[in-house]
Trainee: 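What follows is a structure written as structure tokens; I'll ask about it next.
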Amino acid sequence: QKDGNTTLDIGDEIEYTITVTNTGNVTLDEISLTDTLTDGSNNPVLTNDLSLVSVNGTLTAIDPTTLVLSPDDVAIYTLAHIVDESDMNSGQLSNMASVTANCPDGTQCANDETDTAVVDNLNQAPAMELVKTATPNFGGDSTLDLGETITYTLELKNTGNVDLTDVTIEDVIKDLNDQPLELTTEPTYKFSDNINTTFPGVRTITVGETVTYEAVFEVNQQAIDAGGVKNTATATAKSPKDVTIIDISDDGDTGPTDTGDDPTITTIGADPGIEVIKTYKISGKEMNENPELGDLIIYDITVENIGNISLENVSITDTPKDLFNQTLDLTSGPFFSGSTMNSSEGKLKVGDKAIYKAYLVINQAMVDAGGISNSVIATGNDPNGNPVSDTSDDGDTGAGDTGDDPTVTEIDENAMLEVVKTAIIDDGGDDSIDNGDTIDYTILVTNTGNVTLSIVDVTDELSDINGQI
């Protein structure tokens, strides 16, 4: 070995030394030395690539075919071989040597071979490394939204010193609540950095080779609600000695917290949002008709999830007031009447609208105040507990819209009085109005409007037929 350590690796040089000794009593010539080096699969590596180095301890450069050995002469030969990948895949190298020689009479009279092969076990170290990275495919902003995708790149490298066969990759994706998800596209082979690769037809990766796979996940609501996804892939392969090799993917981050098998995590930012619209109609009337005492106001309250994450614990608080700012009591409601995407009460999917109903019968205090002003406050929270709220708007997006305008039902004030004055004459029974007879006047004041009147004052002037008071 030439690299100074105690194991045989690819690139190391093995130098074999073969000693041939004439142990007989006659001179030998036509010496033929055969040296065969085979790998662990008994495939020949090289044969007879020998160098004659010395005779009887003296370096020599003579042609080995002219070598003559007298009794007790010693010839030293060497054979050098550099360990390559093919050798390493076989696991060992085996060396056998044999020699023949002729006696002075020209006959082959001497031969010998090594008793046992010189076997060098090679240091097989099968290993691989799987790195998985994620590329979010944003749709024009920096947030992953529903239906957008994450592209995963999986790079599997043979980091050992032997070829690996039967390579497979299994990929598992979960949300950040550790609940299972499904990849939209399973890992698919894309390319290798080895132009002579047999992959994937023959699922073998050679030493130093990197094969690249790609997988895709389409973001769903489960992933958004959990705050993101985590992905771990497992690569499995066989070594030349049929040892199973397993590697769990790493995210490629080699920072201080790197464990070497970190899952690939993609976070998805939560953007919870809620919007309330409250409209009304008067039962049995057109919108341009003036509300009146006793009319029934029907309120439609729509609570929409306008964020990117599901909402929980959704509720509304409805407190109507008259236009004097006095709190009123609803006749009925509000109550949940369903949703456009079948969310259950208290929950709201992204884009879903929960519908609530409330009813109010107009009483005199409302008429006197000139109408009713109504605002609803909707509250909820996302799965992570982040609260959201909104004050209702009246749905009118025209000029002056603030986005949180109260829903106002105006009642036109129509203040009116009607006065009727009647007289009863006590004429003493003579059917003639005379001096001393009495006239009893009755004045009837009627509120013929629609609002309560106060501080009512009656002024009555009595004059004679000539206008004299």
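Bear in mind that the values here come from a model prediction, so they are computed numbers and not experimental data. Hydrogens, waters and symmetry mates are skipped; everything else that's a heavy atom, side chains included, is used.
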Trainee: Not counting sequence neighbours, which residues clear ring-ring contact (aromatic ring centres under 6.0 Å, His included) with Y152? List them please.
Mentor: none

Trainee: So, taking the atom named CD1 in I301 and the one named CZ in F336, what distance separates them when rounded to the nearest 0.5 Å?
Mentor: 12.5 Å

Trainee: Would I245 and V243 count as a side chain to side chain contact (heavy atoms under 4.5 Å, CB included) here? Give the steps.
Mentor: CA-CA 6 Å; I245 309 300; V243 175; 4.0 Å; yes

Trainee: Closest heavy-atom contact between N308 and Q221?
Mentor: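 Taking every non-hydrogen atom into account, O-NE2, 3.1 Å.
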
Trainee: Please name all residues satisfying side-chain hydrogen bond (donor to acceptor under 3.5 Å, both in side chains) with T379, sequence neighbours left out, ordered by chain then number.
Mentor: S315

Trainee: Please identify each residue that fulfils side-chain hydrogen bond (donor to acceptor under 3.5 Å, both in side chains) with S454, with sequence neighbours left out.
Mentor: none

Trainee: Look only at the side chain of E410 and the backbone of G370, and say whether a donor-acceptor pair between them is shorter than 3.5 Å.
Mentor: no

Trainee: Is the shortest side-chain heavy-atom distance between M128 and L156 below 4.5 Å?
Mentor: yes

Trainee: Applying the side chain to side chain contact (heavy atoms under 4.5 Å, CB included) test to I169, which of D247, L130, T234 qualifies?
Mentor: L130

Trainee: We want to know whether H81 and D87 form a side-chain donor-acceptor pair, criterion being a heavy-atom distance below 3.5 angstrom.
Mentor: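 Yes.
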
Trainee: How long is the span from the CD1 atom in I205 to the OG1 atom in T210, to the nearest 0.5 Å?
Mentor: 8.0 Å

Trainee: For a 4.5 angstrom cut-off between non-hydrogen side-chain atoms, does L453 reach L417?
Mentor: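 Result yes, sub-4.5 Å side-chain heavy-atom pair found.
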
Trainee: Nearest 0.5 angstrom please: I316 CD1 to S392 OG, how far?
Mentor: 9.0 Å

Trainee: Report yes if the side chains of V376 and Y356 come closer than 4.5 Å at any heavy-atom pair, otherwise no.
Mentor: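 No, side chains not in contact.
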
Trainee: For a quick check under 3.5 Å, do T407 and D394 share a side-chain donor-acceptor pair by atom type?
Mentor: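 No, D394 and T407 have no side-chain donor paired with an acceptor closer than 3.5 Å.
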
Trainee: Between I224 and L146, is the side chain to side chain contact (heavy atoms under 4.5 Å, CB included) condition met? List the steps.
Mentor: CA-CA 8 Å; I224 296 174; L146 188 68; 4.1 Å; yes

Trainee: Roughly how far, to the nearest 0.5 Å, is the CG atom of N89 from the CG atom of D39?
Mentor: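 That separation rounds to 9.5 Å.
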
Trainee: Kindly write out the residues that satisfy salt bridge (Lys or Arg N to Asp or Glu O under 4.0 Å) with D368, not counting sequence neighbours, or none if the list is empty.
Mentor: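 Result, salt bridge (Lys or Arg N to Asp or Glu O under 4.0 Å) vs D368: none returned.
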
Trainee: So which pairs with a foot in residues 146-171 pass salt bridge (Lys or Arg N to Asp or Glu O under 4.0 Å), sequence neighbours left out?
Mentor: K132-D171

Trainee: Dump the intermediate steps for side chain to side chain contact (heavy atoms under 4.5 Å, CB included) on T319 and S375, then the final yes or no.
Mentor: CA-CA 7 Å; T319 306; S375 291; over 6 Å; no

Trainee: Pick one: which of I150, V216, T149, V219 meets side chain to side chain contact (heavy atoms under 4.5 Å, CB included) with N137?
Mentor: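 Output: one option passes, namely T149.
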
Trainee: So which heavy atom on I274 is nearest to which on S389, and how close?
Mentor: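 Shortest heavy-atom separation between I274 and S389 comes out as CG2-C, 3.6 Å.
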
Trainee: Can you confirm whether N363 sits close enough to M366 that some side-chain heavy atom of one is under 4.5 Å from a side-chain heavy atom of the other?
Mentor: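 The answer is yes, as the side chains (C-beta and beyond) meet within the 4.5 Å cut-off.
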
Trainee: For the residue pair S310 and N305, what are the closest heavy atoms and their distance?
Mentor: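 Looking at all heavy atoms of both residues, the shortest contact is CA-ND2, 3.8 Å.
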
Trainee: Specify the closest pair of heavy atoms between N290 and D412, including all atoms of both residues, with the distance to one decimal.
Mentor: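 Looking at all heavy atoms of both residues, the shortest contact is OD1-N, 3.0 Å.
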
Trainee: Got a sec, which pairs hit salt bridge (Lys or Arg N to Asp or Glu O under 4.0 Å) with one end in residues 299-328, sequence neighbours left out?
Mentor: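 Counting only pairs at least two positions apart or across chains, the salt bridge (Lys or Arg N to Asp or Glu O under 4.0 Å) contacts touching residues 299-328 are K278-D318, D300-K357.
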
Trainee: Shortest non-hydrogen contact from S339 to A354?
Mentor: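 Result for this residue pair: CB-CA, 4.0 Å.
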
Trainee: So N381 and N313, side-chain hydrogen bond (donor to acceptor under 3.5 Å, both in side chains) or not? Walk me through it.
Mentor: CA-CA 6 Å; N381 58 264; N313 303 316; 2.9 Å; yes

Trainee: How would you list, by chain and number, every residue that makes a salt bridge (Lys or Arg N to Asp or Glu O under 4.0 Å) with K421, sequence neighbours excluded?
Mentor: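 For K421, the residues satisfying salt bridge (Lys or Arg N to Asp or Glu O under 4.0 Å) (neighbours in sequence not counted) are D460.
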
Trainee: Holding to side-chain hydrogen bond (donor to acceptor under 3.5 Å, both in side chains), I want the full list of residues that pass it with N161, two or more places apart in sequence or in another chain.
Mentor: none

Trainee: Could you name each residue pair satisfying salt bridge (Lys or Arg N to Asp or Glu O under 4.0 Å) that touches residues 229-244, not counting sequence neighbours?
Mentor: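 Sorted result for residues 229-244: D178-K230, K238-D242.
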
Trainee: Who passes side-chain hydrogen bond (donor to acceptor under 3.5 Å, both in side chains) against N386, sequence neighbours left out?
Mentor: D382

Trainee: In Å, rounded to the nearest 0.5 Å, how long is the span from OG1 of T409 to CD1 of I282?
Mentor: 5.5 Å

Trainee: Below 4.5 Å, heavy atoms only, C-beta onward: do Y299 and I372 meet side chain to side chain?
Mentor: yes

Trainee: Do you know which two heavy atoms are closest between D250 and D261, and how far apart they sit?
Mentor: OD1-N, 3.3 Å

Trainee: Is the closest side-chain heavy-atom distance between L154 and S249 below 4.5 Å?
Mentor: no

Trainee: Determine the sole option in N447, V445, T448, L444 for which the side chain to side chain contact (heavy atoms under 4.5 Å, CB included) test with E418 is passed.
Mentor: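 Of the listed options, the one satisfying the test is T448.
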
Trainee: Can you see whether T206 engages N194 through a side-chain donor-acceptor pair at a distance of less than 3.5 angstrom?
Mentor: yes

Trainee: Does T446 form a side chain to side chain contact (heavy atoms under 4.5 Å, CB included) with V420? I'd like the steps, not just the answer.
Mentor: CA-CA 8 Å; T446 303; V420 177; over 6 Å; no

Trainee: Any donor and acceptor pair, going by atom type alone, linking the side chain of S343 with main-chain N or O of K349 inside 3.5 Å?
Mentor: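 Judged by distance alone, yes, a pair lies under 3.5 Å.
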
Trainee: Using ring-ring contact (aromatic ring centres under 6.0 Å, His included) as the criterion, list what pairs up with Y280, not counting sequence neighbours.
Mentor: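 Scan of Y280 (ring-ring contact (aromatic ring centres under 6.0 Å, His included), adjacent residues dropped) gives none.
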
Trainee: Using a 3.5 Å cut-off and no angle test, enumerate the donor-acceptor pairs between side-chain atoms of residues 179-191 and protein atoms at least two apart in sequence or in another chain.
Mentor:
from: T184; atom 1: OG1; to: E218; atom 2: N; distance (Å): 2.8
from: T188; atom 1: OG1; to: E186; atom 2: O; distance (Å): 3.0
from: Y189; atom 1: OH; to: S192; atom 2: N; distance (Å): 3.2

Trainee: So with a 6.0 Å cut-off around NZ of K281, is the heavy-atom count from everything else above 12?
Mentor: no

Trainee: Give me the one residue out of N121, L8, V45, T38 that meets side chain to side chain contact (heavy atoms under 4.5 Å, CB included) with L93.
Mentor: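 When side chain to side chain contact (heavy atoms under 4.5 Å, CB included) is applied between L93 and each of N121, L8, V45, T38, only V45 qualifies.
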
Trainee: Give, for atom CD of E209 and atom OG1 of T197, the distance between the pair rounded to the nearest 0.5 Å.
Mentor: 3.5 Å

